[in-house]
Chemist: 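Please read through the structure below; I'll follow up with questions.
The structure displayed is predicted, hence computed values, not measured ones. Values below: all heavy atoms of this structure, side chains included; hydrogens, waters and symmetry mates excluded.
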Amino acid sequence: MHKMESESTAEHELLAWVKKLVWLSTAILTVMAVLLIALVALLIPKLERAVSTTERVEARFQSFADEVQPVVGAGAGKAVEAITQMDAKRLSEAATDSSDETIRAIGERAKRFLDRDKADPKD
């Protein structure tokens, strides 16, 4: 009988210890939940400020892009135009040089034929 009483008291002590552990765990979880809610509540205004700041920065970049885009577009158009003019000038110079060489070659050939005809009095 004494053994049953000691087992019974051991079970009661164990049960009491488990109850204390459950209450402690519940208290810790409650405190963590409250802290999490407080943290979220404190972070919401900061998140709202971050979002509004991001929106303002995006708006500034967009207005900057709207102001700069026509200038950049015009500058790019002028650059393309200048490159086209340079290419046309180079092609024109190359064509001029080529035609000058062709005309010189034709003139020299005509001169040789003329000299040959002068040297040959058969005609």
Chemist: Mind checking the CG-OG1 spacing from L47 to T54? Nearest 0.5 Å is all I need.
Modeler: 10.5 Å
Chemist: CZ/R49 to CG/L43 distance, rounded to the nearest 0.5 angstrom?
Modeler: 10.5 Å
Chemist: Working to the nearest 0.5 Å, report the span between CD of E55 and CD of Q62.
Modeler: 13.5 Å
Chemist: Apply the side-chain contact (heavy atoms from CB on, under 4.5 Å) test between V31 and each candidate in I28, L29, L35; give the one that qualifies.
Modeler: L35
